[in-house]
Amino acid sequence: MRVKIHHEGTEILIAGALILAALNVPLWLWLRDDLMVVPVVVTAVSVVFYLLVVNFFRSPRRRFQGNPDNAVVASADGKVVALEKVYEPEVLKCDTIQLSVFMSPTNVHANWFPVNGKVVYTTHHSGRFQAAWLPKSSTENERSTVVIETPCGQKVLMRQVAGAMARRIVTYAQPGTEANIEDHMGFIKFGSRVDLYLPIGTEIFVKLGDRTTGGISLVGRLCPDRDPQLK
């Protein structure tokens, strides 16, 4: 699986390298003898910190290996923190299955489309920056909402939710965009979560606490014949 750096991190990584160089180079030039431990420690910490940031912005190219028909694929790397029947009042206005994945700062933070289809609705809400694993973060935190209509006519809502560390949600999807489970839908900078609101009747293949891999893990399969009211 080939890994590259996501373009969302390019400016941050360049700026970070310049700042760390400006901090470290003078220490190596000016400190001598018994003070040499200072630049050694500062450089070691700088390298570790920079590698963590590089790791955060990695952007693997992934290909779903299963049957794509009616497939619901994980939109993010992380841990399933919510899986329940809920009423979605914003757009779908009906009962749904909420499946939420929490991303820690060590996870890949690119987000994939969960289903194939076409984007029919997008919006962004300003909000708070509470811990993303809290249930109320889905409705109170900074977030972006995207609704995708599948080829069979069902609608799947995907919500990017900012967390305590996240300060920027990037959403590439716009109304009319073709959604493909192998394509990036967006990116969230630092700890956050992704909520999926799926039609009642969707067959679910994960449980609370399971780990998912964005663009790879099959988390569910839509069952259009069982849910005619949401077509």
Partner of D77 under salt bridge (Lys or Arg N to Asp or Glu O under 4.0 Å), chosen from R62, R211, R193: R62

Set of residues satisfying side chain to side chain contact (heavy atoms under 4.5 Å, CB included) with respect to V42, sequence neighbours excluded: L23, N24, L27, V38, S46

Apart from V108 itself, residues in the same hydrophobic cluster as defined by side-chain heavy atoms under 4.5 Å: W112

Test item: T202 side-chain N/O and L198 main-chain N/O as donor-acceptor pair under 3.5 Å: no

Contacts of type side chain to side chain contact (heavy atoms under 4.5 Å, CB included), residue T177, not counting sequence neighbours: F113, V119, Q174

Heavy-atom donor-acceptor pair, T150 side chain to Q154 backbone, under 3.5 Å: yes

Test side-chain hydrogen bond (donor to acceptor under 3.5 Å, both in side chains) applied to N107 - qualifying residues, sequence neighbours left out: S104

Selection residues 107-123 - residue pairs positive for salt bridge (charged side-chain N to carboxylate O under 4.0 Å, His left out), sequence neighbours left out: K118-E178

Nearest atoms (heavy-atom pairs only) where M158 meets M185: CE-CE, 3.0 Å

Exam field: side chain S100 to backbone V80, donor-acceptor pair closer than 3.5 Å: no

side-chain hydrogen bond (donor to acceptor under 3.5 Å, both in side chains) involving K207 - partner list, sequence neighbours excluded: D210

side-chain hydrogen bond (donor to acceptor under 3.5 Å, both in side chains) partners for T123, two or more places apart: none

Side chains of Q160 and T171, donor plus acceptor under 3.5 Å: yes

Closest heavy-atom pair and its distance - N111, A76: ND2-CB, 4.0 Å

Side chain to side chain contact (heavy atoms under 4.5 Å, CB included) against N67, all qualifying residues, sequence neighbours excluded: D69, R221

ILVMFWY cluster membership beyond F205 - transitive side-chain contacts under 4.5 angstrom: F64, V73, I181, L218

Where P26 and A21 come nearest, the two heavy atoms and their spacing: CD-O, 4.0 Å

Hydrophobic cluster identity match, L208 and V219, side-chain contacts under 4.5 Å: yes

Spatial distance of atom CG (N70) from atom SG (C223) [nearest 0.5 Å]: 7.5 Å

Per-pair distances, 0.1 Å, donor-acceptor, side chain in residues 85-94, under 3.5 Å, sequence neighbours excluded:
from : atom 1 : to   : atom 2 : distance (Å)
Y87  : OH     : K93  : O      : 3.4
E88  : OE1    : E90  : N      : 3.4
E88  : OE1    : V91  : N      : 2.9
E88  : OE1    : L92  : N      : 2.8
E88  : OE2    : E90  : N      : 3.0
E88  : OE2    : R159 : NH2    : 3.4
E90  : OE1    : R159 : NH2    : 2.6
E90  : OE2    : H125 : NE2    : 3.1
K93  : NZ     : E90  : O      : 3.1

Side-chain hydrophobic cluster, 4.5 Å single linkage: members besides V25: L29, W30

Distance-minimising heavy-atom pair for L196 and S75: CD2-OG, 3.8 Å

Contacts of D183 that satisfy side-chain hydrogen bond (donor to acceptor under 3.5 Å, both in side chains) - sequence neighbours left out: none

